[in-house]
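Heavy-atom basis, side chains included; hydrogens, waters and symmetry copies ignored. Each ligand, and each atom within it, is numbered from 1 in the order the structure gives.
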Amino acid sequence: AKSKGKSAYERFSPEMKEVSHERLQLESRMRRALELNEFELYFQPIIQTATGTLTGAEALLRWNNPSMGMVMPDKFIPLAEETGLIIPIGEWVLEQACAAAVRWQQATGLALGISVNVSPRQFRDPGFVDAVLRALRNTGLDPRRLELEITERLILDNTIETSDILSRLDEEGVRLSVDDFGTGYSALSYLKSYPFDTLKIDKSFVRDVMREQEDASLVKAIINMAHSLGLKVIAEGVEEEDQTHFLKAHGCDYSQGYFYSRPAPEEEFAVWLKTNRR
Ligand code: C2E
Ligand code: CA
Ligand code: CA
Ligand code: CA
């Protein structure tokens, strides 16, 4: 559909052929990645800002491919979305993430939360709610310890369906967060009609919070607004100590970012868990 209005020359330019060859190769490799066990979850701690206590982790997907090395999600999630492969991949992520949270509890006694990213195609799949419930059932994780991260962009379209899915998950006790909050040029009204628990302030606002007055004002305003609506707030992309002081002073509930830890493979996260638990 994108080629509408383009000349034949443009449509079949060598560059485009190359791009589509690359895409096809990526797609066929991705089709086999699940069975070849090439996906891996990394985990990044989520910290209670006021106390520095670990409260949970976000699961972030990595793809280890023998010929491409480690592929980051920005490189393959969009294609996984387009092809629908995100559905089986997303089910794998849900199950693995819940299983990891159960293992950590067995190893340390800590009932940490686990946050899982959900992409639009996955969310709209008719089997999505069942897939979530299946992952919980198969692993025995308490639904209240699973938080699904849904981007603000996704929430903005397709209201009736969205509202129905969110309510069903909420009724099951699953936590819901708005990811990339502030980037969706949204009307804020959805916040009062949907059962969200948490807002994640996008890292683009957090990055310059100590240098740009506007960013500082926005972050403060988001925290206050969220609290007055009964929502918790997570700041993502926290890289500097100064930022932690700012966030603490302004009552931001949770923080996440390289300052505390980069996303790490499970073994590394488990070591971090043992040394940083309180
Ligand atoms: P996101 O959900 O906004 O995840 C946060 C991204 O910020 C992660 O990138 C993380 O590694 C990075 N990050 C964490 N702390 C810092 C920091 O202090 N500074 C900076 N500059 N960045 C930080 P990552 O792992 O490359 O993931 C990129 C995006 O891919 C995610 O953005 C999410 O939208 C998507 N994604 C990752 N895993 C999954 C998954 O399992 N399923 C789906 N559907 N999407 C996923
Ligand atoms: Ca996220
Ligand atoms: Ca809820
Ligand atoms: Ca985000």
Counting heavy atoms not belonging to Lys220, are there more than 12 under 6.0 Å from its NZ? yes

Is Arg262 touching ligand 1 with its side chain, its backbone, both, or neither, if touching means heavy atoms under 4.0 Å apart? neither

Please confirm if an N, O or S atom belonging to Glu236, backbone or side chain, lies less than 3.0 Å from the Ca ion (ligand 4). yes

Can you find an N/O atom of Glu239 closer than 3.5 Å to an N/O atom of ligand 1? yes

Only heavy atoms count here, so choose which of Val118, Asp179, Asp74 is nearest to atom 1 (P) of ligand 1. Asp179

Taking the ring of Phe43 and the ring of Trp272, is the distance between their centroids below 6.0 Å? no

Subset of ligand 1 atoms that lie under 4.0 Å from at least one heavy atom of Asp180: 3 (O)

Quiz question: by atom type and distance under 3.5 Å, do the side chains of Gln44 and Ser261 form a donor-acceptor pair? no

For ligand 1, note which part of Gln256 has a heavy atom under 4.0 Å away: side chain, backbone, both or neither. neither

Between the Ca ion (ligand 4) and Asp180, which N, O or S atom of the residue is the nearest one? OD1

Examine ligand 1 and decide if any of its atoms is less than 4.0 Å from a heavy atom belonging to Pro263. yes

Using protein heavy atoms only, decide if any is under 4.0 Å from atom 32 (O) of ligand 1. no

The atom of Asp179 among N, O or S that is nearest the Ca ion (ligand 2) is OD2

Of the listed options (Gln44, Met72, Arg62), which comes nearest to atom 25 (O) of ligand 1 when hydrogens are ignored and any heavy atom counts? Arg62

Val93 neighbourhood, listing ligand 1 atoms whose heavy-atom distance to it stays under 4.0 Å: 41 (O)

Per-residue contact class, Ile77 against ligand 1 - non-hydrogen pairs under 4.0 Å: side chain

For atom 6 (C) of ligand 1, state which one of Glu236, Lys203, Gln122, Gln243 supplies the nearest heavy atom. Lys203

Checking only N/O/S atoms, does Glu149 have one that is under 3.0 Å from the Ca ion (ligand 2)? yes

Taking 4.0 Å as the limit for heavy-atom contacts, which would you say applies to Glu240 with ligand 1: side chain only, backbone only, both, or neither? neither

Only heavy atoms count here, so choose which of Ser177, Ser119, Ala59 is nearest to atom 44 (N) of ligand 1. Ser119

Contact check: Leu61 vs ligand 1, nitrogen or oxygen atoms, below 3.5 angstrom: yes

Going by the 4.0 angstrom heavy-atom rule, the piece of Arg207 near ligand 1 is neither

